[in-house]
Amino acid sequence: MNRNSIQLQNLTKVFRHNVAVHNLSLKVEVGKVYGLVGDNGAGKTTTIKMMLGLLHPTQGMIEVLGYDPWRDGPNLKRLVGYVSEKREMYGWMSVEEILWFNAQFYETWDERYADEICRKMELPKIAKVKQLSRGMRAKLALLLAMGHRPELLILDEPSSGLDAIVRREILENIISVIQTEGRTVFFSSHLLDEVERIADHVGIISRGQLLKDAPLEVLKEKSRRIRVVWNGNMPTTERLHNVRLMQGAGKEEAYYTDDFREDLLDQFKAYQPKCLEVETLSLEEIFVETIRAAKESQWR
Ligand SMILES: Nc1ncnc2c1ncn2[C@@H]1O[C@H](COP(=O)(O)OP(=O)(O)O)[C@@H](O)[C@H]1O
Ligand SMILES: [Mg+2]
């Protein structure tokens, strides 16, 4: 059996002269939660649409659940649950009607299961979709994507524009599905705290390029802030390796590294600083530093 649910190799998408996705490669293992994070316009939606066969890649290879999405779209769609960024739904239908309507597209639609989620989400079955609040609509979109018990759930910014409570509920739903059924989830987000809570593996994308792709634990394990208070003599930044200046200049400085090892500190200790402290970072801080480093290297 294939251990990867998703495999992208050197994927590129060019719109006229705009390179939306550039030479992107990644793998998502079966049963894992992959969080793709990036700012607006980074290329998340374009990547997702190519994974679903909704956009044709300019170059590169895509395999999702063993299928080529562009050629085997219908076969793949039976096995995937997808919530698009826009969460389009027929507003004139009631919740009950849209559930029935949606069920017709899937042989494996599980009515009892869908009902159970519907109850858990406290969705009013007789209400019209257009009357639902934003949060309710987001939950309904998730339910419509989950009712056929997909092997792979693909969510494009599942909780953007929602308040914290609904976001948490949505995340809890995702987590419970994954934990109880060992399904794979691929989701995009620009909300770092939510990615940090639910992802096993994180990809950081900026301007179409995947800058980081690692298990969350590894990312956090290797990234550190090194605070230093110099004692008169201090090195020039060129003398320090595998670190880059984060904040400050002069006596008190903070450096960032994404490849921390204890012996990195020796180069600081050589200058006998007054104070030397090592701190772990949140995913948000790692994200910001990763993007900054990429921008700086571009200007060099
Ligand atoms: N259909 C399209 N035609 C032309 N440019 C597009 C199209 N879709 C997306 N883009 C461009 O591709 C880049 C990536 O967009 P997108 O994948 O939507 O980013 P994200 O989802 O991360 O916000 C942006 O510069 C966007 O303007
Ligand atoms: Mg998008």
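Counting starts at 1 for both ligands and their atoms, in listed order. Owing to the predicted nature of the structure, the values given are computational and were not obtained by experimental measurement.
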Within a distance under 4.0 Å of any heavy atom of Asp39, pick out the atoms of ligand 1 and give their elements.
22 (O)
Report the atom name of the nearest N/O/S atom of Glu85 relative to the Mg ion (ligand 2).
OE2
Best match, Leu55, Val19, Asn18, Asp156: closest heavy atom to atom 26 (C) of ligand 1:
Asn18
Which ligand 1 atoms are under 4.0 Å away from a heavy-atom of Thr45?
17 (O), 18 (O), 20 (P), 21 (O)
2.8 Å cut-off met by an N, O or S atom of Asn40 to the Mg ion (ligand 2)
no
Given the options Tyr82, Tyr106, Tyr113, His148 meets ring-ring contact (aromatic ring centres under 6.0 Å, His included) only with Tyr106
Between Ala42 and ligand 1, does any nitrogen or oxygen pair lie at a separation below 3.5 Å?
yes
Please report which non-hydrogen protein atom sits nearest to atom 17 (O) of ligand 1, along with the residue it belongs to and the distance in Å to one decimal place.
Thr46 OG1, 2.6 Å
Check ligand 1 against Asn40 and write out every atom of the ligand that is under 4.0 Å from a heavy-atom position of the residue.
23 (O)
Can you tell me the protein heavy atom closest to atom 19 (O) of ligand 1 and the distance?
Gly43 N, 3.2 Å
Quick one: pull up CZ in Phe186 and NE2 in His201 and give me the separation to the nearest 0.5 Å.
10.0 Å
Is any side-chain N of the basic residue among Arg261 and Asp266 closer than 4.0 Å to the acidic one's carboxylate O?
no
Lys269 to Tyr271, cation-pi by 6.0 Å centre distance and 45° axis angle
no
Quick one: nearest non-hydrogen protein atom to atom 9 (C) of ligand 1, plus distance?
Phe15 CE1, 3.5 Å
Please determine which of Leu11, Leu8, Val64, Leu24 meets the side chain to side chain contact (heavy atoms under 4.5 Å, CB included) test together with Met50.
Leu11
May I ask you to decide if Asn242's main-chain N or O and Thr257's side chain share a donor-acceptor pair within less than 3.5 Å?
yes
Decide whether a cation-pi geometry holds between Arg225 and Tyr255; the criteria are a distance under 6.0 Å from NZ or CZ to the six-membered ring centre and an angle within 45° of the ring axis.
no
Within-shell test, Gly41 vs ligand 1, heavy atom, strictly < 4.0 Å:
yes
Could you check Asp193 against Arg167 for salt bridge (charged side-chain N to carboxylate O under 4.0 Å, His left out), going step by step and ending with a plain yes or no?
CA-CA 11 Å; Asp193 60 329; Arg167 270 171 54 192; 3.3 Å; yes
Suppose we measure from atom 12 (O) of ligand 1 to each protein heavy atom; which comes out shortest, and what is that distance?
Ala20 CB, 3.2 Å
Short side-chain to backbone donor-acceptor contact, Thr184 and Gly31, under 3.5 Å:
yes
Would you check whether Lys44 has a nitrogen or oxygen atom less than 3.5 angstrom from a nitrogen or oxygen atom of ligand 1?
yes
